[in-house]
Amino acid sequence: MSADIFKRAGLFVAFALAQVLVLGHIHLFGYATPLLYVYFVLLFPRNYPKWGILLWSFGLGLVMDIFFNTPGVAAASMTLIGVIQPYYFEMYVSRDASENMQPSIQNIGWMKYFYYSLVLVVIYCLVFFTLDAFTFYNWVVWLKSVTGSVALTMLMILTFETVQNKQG
């Protein structure tokens with residue numbers, strides 16, 4: 001178990017540093033920002049304790065809030081998908097599958113993984129940008145931000161998964 005904690009802590013730091021130092025400064029067309037740190041929540045295996053997923057998700061969201069001055073927005077959004085992820089992942093796994101199965105293209109297939117990650121990323125972006133704007137007065141900007149960020153985030157997640165699948 002301690003090896004898993006160190007692995008998760010390393011991923012936590014890697015995703016936080018990547019987002020803070022590089023990805024957080026990318027705003028394609030002024031709207032689309034890749035939010036790769038959401039991928040951290042997608043990686044939790046089937047048997048991981050739900051309270052652990054919540055703590056890790058909230059912690060990473062809190063780190064993003066601290067660095068990007070979005071008080072509670074990322075923490076709330078990450079915690080929400082941390083609550084949803086274990087139950088949602090069960091929909092894509094057969095009953096006789098391994099208890100420690102990790103979500104990946106190799107384990108559940110390309111299309112299932114695409115839908116699994118797409119739904120969680122869309123929920124995250126909808127909640128994040130809705131809480132960030134806290135109004136629908138300028139709904140066009142909100143819609144561009146959500147769709148652009150979902151597209152960039154999904155592109156990065158699927159790229160990482162494909163590269164990881166070819167290596168493993």
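The first residue of the sequence shown is numbered 1, and numbering continues consecutively from there. These numbers come from a predicted model, not from an experiment.
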S.K.: Go through it in stages, so that I can follow the logic: the residues are M78 and Y124, the test is side chain to side chain contact (heavy atoms under 4.5 Å, CB included), and I'd like the CA-CA distance, side-chain angles, deciding distance and then a yes or no.
M.R.: CA-CA 7 Å; M78 287 290 283; Y124 178 82; 3.7 Å; yes
S.K.: Hey, what do you get for CH2 (W142) to OG1 (T147), rounding to the nearest 0.5 Å?
M.R.: 9.5 Å
S.K.: Linking I/L/V/M/F/W/Y whenever any side-chain heavy atoms sit under 4.5 Å apart, do L80 and F134 land together?
M.R.: no
S.K.: Minimum heavy-atom separation for Q164 to Y39, with atom names?
M.R.: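 Answer, listing the atom of Q164 first, then Y39: OE1-OH, 3.4 Å.
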S.K.: Applying the 4.5 Å side-chain criterion to the ILVMFWY set and letting contacts propagate, would L118 and I108 be lumped into a single cluster?
M.R.: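 Yes, because L118 and I108 connect within a single hydrophobic cluster, where side-chain heavy atoms sit under 4.5 Å apart.
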S.K.: Is there a side-chain contact between Y88 and Q85 (heavy atoms, below 4.5 Å)?
M.R.: no
S.K.: With a 3.5 Å distance limit and no angle check, can you tell me whether H25 reaches the backbone of Q19 through a side-chain donor-acceptor pair?
M.R.: no
S.K.: Shared ILVMFWY cluster between L155 and F129, side chains joined below 4.5 angstrom?
M.R.: no
S.K.: Let me confirm one number: the CZ-OG1 distance from F128 to T70, rounded to the nearest 0.5 Å.
M.R.: 5.0 Å
S.K.: To check you understand the geometry: which heavy-atom pair defines the closest contact between S94 and R46, and what is its length?
M.R.: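 Minimum heavy-atom separation between S94 and R46: O-NH1, 3.6 Å.
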S.K.: Membership question, hydrophobic clusters at under 4.5 Å side-chain separation (ILVMFWY): are L126 and V150 in the same one?
M.R.: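 Yes, V150 and L126 fall within the same hydrophobic cluster.
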S.K.: Measure up the Y48 and F44 rings against each other and bin them: parallel (under 30°), tilted (30 to 60°), perpendicular (over 60°).
M.R.: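 Y48 vs F44 ring planes: tilted.
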S.K.: How long is the gap from NZ on K144 to CZ on F29, to the nearest 0.5 Å?
M.R.: 11.0 Å
S.K.: A side-chain contact here means heavy atoms from C-beta on lying under 4.5 Å apart; do P103 and L42 qualify?
M.R.: no
S.K.: When you measure from the side chain of S149 to the backbone N and O of T33, does any donor-acceptor pair fall under 3.5 Å?
M.R.: yes
S.K.: Can you find a pair of side-chain heavy atoms, one from R8 and one from I5, that are under 4.5 Å apart?
M.R.: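 No; the side chains remain at least 4.5 Å from each other.
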S.K.: Kindly compute the distance separating CD1 (I157) from CZ (F114), expressed to the nearest 0.5 Å.
M.R.: 10.5 Å
S.K.: Identify whether I66 and Y37 are in the same connected component of the hydrophobic contact network (ILVMFWY, side-chain heavy atoms under 4.5 Å).
M.R.: no
S.K.: Looking at side-chain heavy atoms only, is the closest gap between E161 and S104 below 4.5 Å?
M.R.: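 Touching, per the 4.5 Å side-chain cut-off.
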S.K.: Fit a plane to each ring of Y113 and Y116, take the angle between them on a 0 to 90° scale, and name the class: parallel (under 30°), tilted (30 to 60°) or perpendicular (over 60°).
M.R.: tilted
S.K.: Show the nearest heavy-atom pair for residues A16 and V63, with the distance to one decimal.
M.R.: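 So the two residues come closest at CB-CG1, 4.1 Å.
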S.K.: Could you check V119 against V122 for side chain to side chain contact (heavy atoms under 4.5 Å, CB included), going step by step and ending with a plain yes or no?
M.R.: CA-CA 5 Å; V119 168; V122 166; 5.9 Å; no
S.K.: On the 0 to 90° scale, with breaks at 30° and 60°, tag the F12-W56 ring pair as parallel, tilted or perpendicular.
M.R.: tilted
S.K.: Tell me, do M154 and V38 make a side-chain contact under 4.5 Å, heavy atoms counted?
M.R.: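 They are not in side-chain contact.
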S.K.: Any chance you could measure I53, atom CD1, to F40, atom CZ, to the nearest 0.5 Å?
M.R.: 10.0 Å
S.K.: Taking the side chain as every heavy atom from C-beta outward, state whether F68 and V20 have any atom pair closer than 4.5 Å.
M.R.: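 Heavy-atom side-chain distance check passes, below 4.5 Å.
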S.K.: Contact between L35 and C125 at the side-chain level, heavy atoms closer than 4.5 Å - yes or no?
M.R.: yes
S.K.: On a heavy-atom basis, which atom in P34 and which in M156 lie closest, and how many Å separate them?
M.R.: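 For P34 and M156, the tightest heavy-atom pair comes out as CB-SD, 3.4 Å.
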S.K.: Report yes if some heavy atom in the side chain of T162 is under 4.5 Å from a heavy atom in the side chain of W110; otherwise report no.
M.R.: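 T162 reaches W110 side chain to side chain.
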S.K.: Could you tell me the separation between the CG atom of N107 and the NZ atom of K112, rounded to the nearest 0.5 Å?
M.R.: 11.5 Å
S.K.: Give the minimum heavy-atom separation between S57 and V41, together with the two atoms involved.
M.R.: OG-CG2, 3.4 Å
